[in-house]
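Taking it in order: structure first as structure tokens, then the write-up.
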Amino acid sequence: MADRPNAHDSLLEAASELTYARGITGTGVDAIAARAGVTKRTLYQHFGSKDRLVAEALSARSRRALLGLETNARRRAEETGELVILALFDVIENALHTRTKSGCAFINASLEINRPGHAVHEAALAHLRAREGLIQQFLSEAGVEDAELAAQVTVLVDGAYAVGGSRRDPAAARHAKAAAAALLARRGLGEDLYGQQPSSIRKP
């Protein structure tokens, strides 16, 4: 098997795709190397170990995911007139319909490799913390500086991914959005979404 010039990126992509679909422990280095079109020797030359490869693949995935969440949530908010923090749940619902049918890769990884200090676990947690930071940013832009509310909305976001992925039910994001809207309504931002159309919550 000939090694490809872009072996590094190919290995990251292969590791990301296979471990998301099959799980980390269920994916061997042989399968990753074969998907990337390189030899196992090349895999170890570039990353040293499967754990390091998977951790770096998660970090690369994280950068794309965070950018996608922010960009798409802002675009959706412009389309609907909603607060960006609520539009975020529409983005999650759409992802659960398409490329994220197995839920959040980072929650999955943090639970599967649940060993503090492990490279994969730490890479997964880094993303989850960054996603919570994005939620805090969206709330701040809506005029809310409340760490407790940010933590509550983060639980709703994580829950949307976890329930939507485990049950193959994108509607989980819609239910989480309604709960987030109710929390915001208590602080005078928009209206409660229960029984109403998502577009009923507008920017203040």
Side-chain angles (χ1 to χ4, degrees), residues 1-76 78 84 87-88 90-135 137-138 154 157-158 160-162 164-166 168 170 173:
M1 182 184 296
D3 291 338
R4 293 158 57 179
N6 59 342
H8 186 276
D9 291 344
S10 296
L11 284 163
L12 289 175
E13 182 178 355
S16 182
E17 291 175 354
L18 291 178
T19 56
Y20 180 66
R22 305 178 183 178
I24 296 167
T25 56
T27 303
V29 293
D30 289 310
I32 295 172
R35 172 67 68 88
V38 303
T39 62
K40 280 201 302 181
R41 181 170 179 268
T42 296
L43 183 154
Y44 288 117
Q45 284 177 333
H46 279 272
F47 297 97
S49 70
K50 173 188 164 184
D51 288 343
R52 177 51 56 189
L53 167 58
V54 174
E56 291 196 27
L58 280 172
S59 296
R61 187 185 189 114
S62 175
R63 290 188 289 273
R64 296 192 301 270
L66 290 170
L67 177 60
L69 282 175
E70 180 171 7
T71 300
N72 292 327
R74 293 190 186 283
R75 182 181 299 121
R76 178 63 176 168
E78 287 296 323
V84 180
L88 175 63
D90 292 348
V91 175
I92 295 170
E93 182 176 3
N94 182 63
L96 289 169
H97 272 293
T98 55
R99 64 186 179 281
T100 314
K101 291 183 179 180
S102 295
C104 173
F106 308 96
I107 293 176
N108 296 349
S110 69
L111 292 174
E112 184 178 0
I113 310 297
N114 192 12
R115 300 201 296 275
H118 191 285
V120 172
H121 186 75
E122 294 305 315
L125 287 186
H127 173 84
L128 296 176
R129 294 188 189 103
R131 192 162 71 195
E132 183 170 11
L134 184 62
I135 290 167
Q137 178 183 328
F138 289 161
T154 298
V157 167
D158 290 350
Y161 277 117
S166 63
R168 294 294 197 271

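All heavy atoms count here, side chains included; hydrogens, waters and symmetry mates do not.
For Arg22 and Thr27, the side-chain atoms include no donor-acceptor pair closer than 3.5 Å.
Of the possible donor and acceptor atoms, none in the side chain of His127 sits under 3.5 Å from a partner among the backbone N and O of Phe106. No donor-acceptor distance shorter than 3.5 angstrom exists from the side chain of Glu93 to the backbone of Ala173, with no hydrogens or angles considered. Checking side-chain atoms of Glu112 against main-chain N and O of Ile24 turns up a donor-acceptor pair under 3.5 Å. In terms of modelled atom types and a separation under 3.5 Å, the side chain of Thr100 and the main chain of Gly103 share no donor-acceptor contact. Put simply, the side chain of Ser110 gets close to the backbone of Ile107: a donor and an acceptor are under 3.5 Å apart.
Within the 4.5 Å cutoff, side-chain heavy atoms of Glu70 are placed close to those of Gln137. Two residues are said to be in side-chain contact when any heavy atoms from C-beta on lie closer than 4.5 Å; Leu69 and Arg131 meet this criterion. Side-chain contact between Leu53 and Tyr44 is absent, with no heavy atoms from C-beta onward closer than 4.5 Å. At least one side-chain heavy atom of Ile92 sits less than 4.5 Å from a side-chain heavy atom of Leu88.
Here the NZ-OG1 distance, from Lys50 to Thr19, works out to 8.5 Å after rounding to the nearest 0.5 Å. To the nearest 0.5 angstrom, Leu125 atom CG is 11.5 Å from Glu132 atom CD. Here the CD1 atom belonging to Ile113 is positioned 10.0 Å from the NE2 atom belonging to His121, to the nearest 0.5 angstrom. A distance of 11.5 Å separates CZ of Arg129 from OG of Ser62, quoted to the nearest 0.5 Å. Atom CD of Glu13 sits about 10.0 Å away from atom CG of Leu18, to the nearest 0.5 Å. The distance from atom CG of Leu11 to atom NE2 of His46, rounded to the nearest 0.5 Å, is 6.5 Å.
Between Ser102 and Asn108 the shortest heavy-atom distance is O-ND2, 3.1 Å. Across all non-hydrogen atoms, the minimal contact from Val120 to Ala109 is CG1-CB, 4.3 Å. Pairing each heavy atom of Cys104 with each of Leu128, the nearest pair is SG-CD2, 4.4 Å. For the pair Ala119 and Ala55, the tightest heavy-atom approach, listed with the atom from each and the gap, is O-CB, 3.6 Å. Residue Leu96 comes nearest to Lys101 through the heavy atom pair O-CG, 3.6 Å, listed as atom of the first residue, atom of the second, then distance. Of all heavy-atom pairs spanning Ala87 and Ala73, the tightest one is CB-O, 3.4 Å.
Figure legend: cation-pi geometry between Arg61 and Tyr20, with NZ or CZ positioned under 6.0 Å from the six-membered ring centre and within 45° of its axis.
Ion pairing between Glu78 and Arg74 fails under the 4.0 Å rule for side-chain N and carboxylate O.
Partner of Arg41 under the side-chain contact (heavy atoms from CB on, under 4.5 Å) criterion, out of Leu43, Val38, Thr39: Thr39 alone.
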